[in-house]
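See structure below.
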Amino acid sequence: MTDKLKTRFFALAASVAALLGTSAQAQELPAGSDPRSGDAWVDVWLGDISRYATRYREPFVDEMVRYYGAPRELVGDLLDQRRWTPGDVYYACAIAQVLGRPCRYVVDEWDREHGQGWGEVAQRLGVKPGSAEFHRLKRGFVPTYDRWGRPITIDTELHRDFPNRPYRDYPPPKAPAAAKADKGKDEKGKPEKGKVEAAKAKGAAGKSRAAGEGTAKRQGKPASGEAKRD
């Protein structure tokens, strides 16, 4: 193997190793990150954005200001005063861009009600999973990562748009209702501990009483609860 080929080989190997390392790290959401976007791929990479922005704040803020039209003071306020995760800041401004609205509009919508996470907020604004708007929202991650020089692994849906990029399947997130149903199935038919102990105590008392009454009858004494005859 020539020196030139060796150089290319090791460069390629290093790139793949870096990509795999970043992708593996991205699978775990950082502390405080719980997007619940309704799309597993989106959740993973919003968590990765939070990790990136924690280390490289200025490039993250510049991206939000320059490419997503967010006021710099708003981004700073969300991160520092209101303790938003960078992933949440990104997603709010990305949704706003898809809608053609200011980032503050989506921030206000989140503040109004977000009990079920970003999936609920986005659908309320008309950005539903499977829609053209949601697809544009997902595609927007890729150029942002390119500008940061950070590897990103796309999912099967985005592979049509970026056929030359590495991709993998991401399992769909379990809906909260389904999770509760599964929990109910696991607990169904299992009597509560207190009820089991009470039933055991009642049974033991009944056996003791029956044994006492049998002994009393053999000795010619009236059983407990029976009226004495004159």
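When reading the values below, keep in mind they use all heavy atoms of this one structure, side chains included, and skip hydrogens, waters and symmetry mates.
Put simply, the side chain of L79 reaches to within 4.5 Å of the side chain of P86, judged on heavy atoms. No side-chain heavy atom of V98 sits under 4.5 Å from any side-chain heavy atom of F134. Residues L158 and Y167 are not in side-chain contact: their nearest non-hydrogen atoms beyond the backbone lie 4.5 Å or more apart. Within the 4.5 Å cutoff, the side chain of K138 has heavy atoms near those of the D155 side chain. Contact annotation: the side chain of H159 never approaches that of R165 to less than 4.5 Å [non-hydrogen atoms, C-beta and beyond]. Between V121 and E113, the closest side-chain pair of non-hydrogen atoms is not below 4.5 Å. Between Q123 and P129, the closest side-chain pair of non-hydrogen atoms falls below 4.5 Å. In this structure, the side chains of W41 and W45 come closer than 4.5 Å at one or more pairs of heavy atoms.
Taking both residues in full, the closest heavy atoms of G140 and T144 are given as O-OG1, 3.4 Å, listed atom of the first, atom of the second, then distance. C93 approaches M64 most closely through the heavy-atom pair CB-SD, 4.3 Å. When all heavy atoms of W84 and A92 are compared, the closest pair comes out as CZ3-CB, 4.0 Å.
In this pair, Y91 and F141 present their aromatic rings tilted. The plane angle is within the 30 to 60° band.
Rounded to the nearest 0.5 Å, atoms OH (Y145) and CD1 (I49) are 4.5 Å apart.
Taking 4.0 Å as the cut-off between side-chain N and carboxylate O, R82 and D88 do not count as a salt-bridged pair. In summary, R36 and D43 do not engage in a salt bridge, as defined by a charged side-chain N under 4.0 Å from a carboxylate O. In summary, E133 and R136 do not engage in a salt bridge, as defined by a charged side-chain N under 4.0 Å from a carboxylate O.
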Stepwise side-chain contact (heavy atoms from CB on, under 4.5 Å) check, W148 with F60: CA-CA 8 Å; W148 287 335; F60 170 77; 3.8 Å; yes
Trace of the side-chain contact (heavy atoms from CB on, under 4.5 Å) decision for V89 with T85: CA-CA 6 Å; V89 175; T85 66; over 6 Å; no
Residues W110, W118; criterion side-chain contact (heavy atoms from CB on, under 4.5 Å); working and verdict: CA-CA 8 Å; W110 169 268; W118 276 113; 3.6 Å; yes
Worked check of salt bridge (charged side-chain N to carboxylate O under 4.0 Å, His left out) between R104 and D111: CA-CA 10 Å; R104 195 181 299 273; D111 286 341; over 6 Å; no
From CA spacing to verdict: ring pair (Phe, Tyr, Trp, His ring centres under 6.0 Å), Y68, Y90: CA-CA 9 Å; Y68 290 88; Y90 169 85; 5.3 Å; yes
Salt bridge (charged side-chain N to carboxylate O under 4.0 Å, His left out) assessment of R72 paired with D77: CA-CA 9 Å; R72 189 173 294 272; D77 178 62; over 6 Å; no
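Taking a 6.0 Å sphere around CZ of R124, one finds it holds more than 12 heavy atoms contributed by other residues, nucleotides or ligands.
The side-chain tip of R168 points at the ring of Y170 from less than 6.0 angstrom away and within 45° of straight on. Remark: R101 qualifies as a cation-pi partner of Y105 under the 6.0 Å distance and 45° angle criteria applied to the six-membered ring. Cation-pi geometry between R150 and Y52 is not satisfied (NZ or CZ under 6.0 Å from the ring centre, within 45° of the ring normal).
Using modelled atom types, one side-chain atom of S50 and one backbone atom of G87 make a donor-acceptor pair closer than 3.5 Å.
In this model, no donor atom of one side chain and acceptor atom of the other lie less than 3.5 Å apart for H114 and E120.
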